[in-house]
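Taking it in order: structure first as structure tokens, then the write-up.
Since this is a predicted model, take the numbers as computed values, not measurements.
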Amino acid sequence: MRCALIFAFAAAQSCVLAQGQVNSEIAQHDEATTFRTRVNLVMVPVVVRDRQNHAVGSLKKEDFTLFDKGKLQELTRFSVEETSNKPGAVKPQQTLEAPGGEPPAADFPDRFVAYLFDDIHSEFAELARVRDAARRHMATLARTDRAAIYTTSGQTVQEFTDESDKLEDALSKLRPRPIARSAITDCPNITYYMADLIVNHSDMQATGVAVQEAVACGIPSQGAAQFVRGMAQRALGAGQQETRVALSVLQAVVRRMTGMPGQRLVILASSGFVTPEQQMEKTEVMDRAVKGNVIISSLDARGLWVDPSLDASRSNFFQQRAMFDRITAMAQAAVLAEMAYGTGGTFFQNNNDLDAGFRQLATAPEYIYLLGFSPQNLKMDGSFHSLKVGLKTSSGLSVQARKGYYAPKHLATAEETAKQDIEEAIFSREELHDFPVDLHTQFFKSADGTAKLAVLAHLDVKRLKFRKAEDRNRNEVTMVAAVFDRNGNYVTGARKVIEFRLKDDTLQNRIEQGITVRSSMDVKPGTYLVRLVVRDAEGQLMAASNGAVEIP
């Protein structure tokens with residue numbers, strides 16, 4: 001649909017252009033609010049800590065070095081996010097329908113904590129301890145916090161809410177739910193890690209340990225090797241399936257979190273798992289989290305872990321078995337650490353004080369650096385690129401950052417980049433002021449109890465940059481208005497693209513007052529957060545504003 005763009009901002013405001021001029025010089029059309037991900041800019045979240053484990057926020061761009069496959073990269077993006085200053089609640093604006101008074105203020109959420117319990121890989125005792133600690137932690141959440149509960153099996157879900165009884169009901173349903181293994185430990189006990197060594201790497205030491213254990217379990221020595229290989233094949237298939245399911249759920253939770261306005265934290269409580277066959281899937285989870293400003297922090301549900309290989313009184317066979325158990329445990333923990341450090345989060349391990357763990361993980365690092373670079377001579381082959389982030393002068397500082405990424409198979413277009421910029425801004429609370437935009441709302445209730453919510457944006461066109469072509473001043477402005485409920489859940493949105501084809505006289509003399517764009521959406525009565533983002537194509541300037549409306 002194409003139509004004239006000028007609307008009345010209020011009853012007293014007049015249009016700045018005649019109707020005929022508008023039709024020929026400015027037009028707008030609606031688009032669906034869908035986005036695609038930009039992939040040609042690699043963003044690396046980095047947390048720097050001092051000897052006391054405090055996050056450091058005073059470093060500059062020139063203090064960092066970043067290597068991609070051993071090659072030094074130029075940092076094209078650099079920012080430091082101070083997460084300790086949480087945004088305050090947004091007060092509802094006065095609507096045009098009710099000029100006599102302002103609706104009461106509402107406590108809109110500004111922090112979202114998703115508790116993801118790994119019920120596939122955790123044992124009952126571990127899950128029970130984590131559940132009880134999580135219950136105590138949820139009781140301490142602030143009024144403007146919202147919590148959700150998910151499980152890697154997908155069998156327990158509670159979406160974001162501030163209602164404690166709903167959270168308690170979801171917690172009471174937590175229990176181990178392995179999906180490809182029985183609850184009874186097999187003999188011999190071949191872990192996913194050992195199965196990968198035996199089947200994919202023909203590791204003789206791992207095979208020998210498993211064969212010895214099989215014989216001890218009563219398997220005839222003549223057929224023990226074949227028996228072990230068959231069990232390893234089954235363990236490998238089960239491990240691959242369970243890891244893929246866990247990663248797919250984590251991916252879905254991160255995707256869900258990108259739709260929340262404000263600070264976004266995922267606490268992954270798990271006994272750990274390994275990803276020998278799922279490296280790309282794991283990296284894709286971190287990529288989405290980084291692009292969506294979602295922090296993943298991990299809690300090792302095993303608590304204080306004692307290395308069984310330290311028991312010198314055991315036989316040589318048990319020493320070898322304990323060595324593989326230790327390596328397996330380290331590999332499982334490494335995945336949790338990589339998820340956390342690769343997204344700017346924290347990893348809590350080897351500690352039985354799970355209450356302290358949840359307190360620590362639910363608090364984002366005070367400072368997170370975002371380093372961005374466009375890879376040099378990047379091949380569109382989907383290969384893995386190792387990353388190394390360092391400091392030119394360490395001075396006792398430690399660096400936590402992601403370890404790598406996978407190359408894309410195509411570069412993002414300008415349209416995809418614009419959509420990604422807008423998407424990131426929509427699901428944020430940050431106010432952007434590259435050019436002035438005023439946000440107002442009004443609503444009209446219908447007889448059936450529903451309402452038509454109108455979002456009006458007044459744009460200062462004189463501040464935009466224009467490209468001269470065919471005697472016209474051209475630009476394209478995209479405006480997205482999004483509506484969220486009181487728990488921060490996305491409700492609806494509207495997207496408009498405004499095409500400017502202005503004559504010189506119009507640009508210089510007849511558009512001084514700017515223009516007003518109106519977007520209308522159907523909503524039910526309630527209290528809503530309104531987020532407005534405007535971006536122009538020529539200058540890539542952005543403006544973003546927050547508002548709220550209460551519809552009785």
Side-chain angles (χ1 to χ4, degrees), residues 47 49 52-55 83 111-142 145-153 155-158 160 164 166-178 246 249-250 253 257 263-274 294-308 325-326 328-341 343-366 400:
V47 177
R49 298 183 183 276
Q52 288 72 43
N53 204 37
H54 297 144
T83 63
R111 189 175 70 139
F112 298 84
V113 184
Y115 299 81
L116 175 57
F117 297 93
D118 187 2
D119 55 351
I120 293 178
H121 299 99
S122 300
E123 298 179 359
F124 179 81
E126 297 166 342
L127 199 58
R129 290 196 299 269
V130 168
R131 176 199 61 203
D132 294 342
R135 177 184 291 113
R136 292 188 291 270
H137 180 260
M138 290 179 190
T140 68
L141 294 178
D145 291 341
R146 296 294 183 269
I149 293 175
Y150 305 101
T151 57
T152 53
S153 71
Q155 298 189 45
T156 302
V157 175
Q158 171 56 58
F160 286 98
S164 58
K166 291 183 178 180
L167 296 172
E168 175 62 33
D169 181 63
L171 287 173
S172 67
K173 297 176 181 177
L174 293 179
R175 56 185 52 85
R177 300 182 188 273
V249 170
L250 179 56
V253 171
M257 293 288 285
Q263 191 179 96
R264 311 153 194 172
L265 304 173
V266 176
I267 299 179
L268 171 60
S270 172
S271 300
F273 52 92
V274 292
V294 177
I295 297 174
I296 301 175
S297 288
S298 305
L299 183 144
D300 192 332
R302 293 170 295 191
L304 185 62
W305 185 77
V306 179
D307 185 351
D325 289 342
R326 175 175 60 85
T328 299
M330 292 173 61
Q332 292 173 332
V335 175
L336 300 181
E338 187 176 359
M339 286 288 182
Y341 298 154
T343 60
T346 304
F347 179 38
F348 187 86
Q349 67 169 330
N350 205 26
N351 194 321
N352 286 332
D353 190 355
L354 300 184
D355 288 358
F358 276 104
R359 287 196 302 270
Q360 181 178 336
L361 300 185
T363 303
E366 294 88 348
Q400 297 173 356

Self-check item: Shortest non-hydrogen contact between Q360 and T346, atoms and distance
Solution: NE2-CG2, 3.2 Å
Self-check item: Flag side-chain contact, heavy atom, 4.5 Å: N350 against D300
Solution: no
Quiz item: Taking atom CZ of R49 and atom NE2 of H54, what is their separation to the nearest 0.5 Å?
Solution: 9.0 Å
Quiz prompt | Heavy-atom closest contact (K173 atom, T156 atom, distance) | solution = O-OG1, 3.9 Å
Quiz item: For the atom pair CG (L174) and CZ (F124), what is the distance rounded to the nearest 0.5 Å?
Solution: 10.0 Å
Exercise. Assess whether atom CD of Q155 is packed by more than 12 heavy atoms of other residues, nucleotides or ligands within 6.0 Å.
Key: yes
Quiz prompt | Gap separating the CG atom of L268 from the CG atom of L116, nearest 0.5 angstrom | solution = 5.0 Å
Practice problem: Please report the shortest heavy-atom distance between V274 and Q332, naming the atom on each side. | Solution: CG1-N, 3.8 Å
Quiz item: Do S122 side-chain atoms and S270 backbone N/O form a donor-acceptor pair below 3.5 Å?
Solution: no
Quiz item: Can you tell if the side chain of R136 reaches within under 4.5 Å of the side chain of L354, non-hydrogen atoms only?
Solution: no
Self-check item: Distance-minimising heavy-atom pair for A170 and I149
Solution: CB-CD1, 3.8 Å
Quiz item: Going from CZ on F117 to CD1 on I267, what distance comes out if it is rounded to the nearest 0.5 angstrom?
Solution: 8.5 Å
Exercise. In sequence, state the C-alpha distance, the side-chain angles, and the governing distance for L250 and M339, and then conclude on side chain to side chain contact (heavy atoms under 4.5 Å, CB included).
Key: CA-CA 10 Å; L250 179 56; M339 286 288 182; 3.9 Å; yes
Quiz prompt | Heavy-atom closest contact (F358 atom, H137 atom, distance) | solution = O-NE2, 3.5 Å
Quiz prompt | Pair K166 + D169: basic N to acidic O under 4.0 Å | solution = no
Quiz item: When rounded to the nearest 0.5 angstrom, what is the spacing between CG in L171 and CZ in R131?
Solution: 8.0 Å
Quiz prompt | Interatomic spacing from OH in Y115 to CZ in R135 - rounded to 0.5 Å | solution = 12.5 Å
Quiz item: Which pair of heavy atoms, one from A147 and one from L167, lies closest together, and at what distance?
Solution: O-CD2, 3.8 Å
Quiz item: Is E126 salt-bridged to R302, going by a charged N under 4.0 Å from an acidic O?
Solution: no
Exercise. Would you confirm whether N352, through its side chain, and L304, through its main-chain N or O, come within 3.5 Å as a donor-acceptor pair?
Key: yes
Quiz prompt | Name of the residue among L299, L336, I296 meeting side-chain contact (heavy atoms from CB on, under 4.5 Å) with F347 | solution = L336
Quiz item: Quick check: does any side chain N or O of D119 sit under 3.5 Å from a backbone N or O of R177, one acting as donor and the other as acceptor?
Solution: no
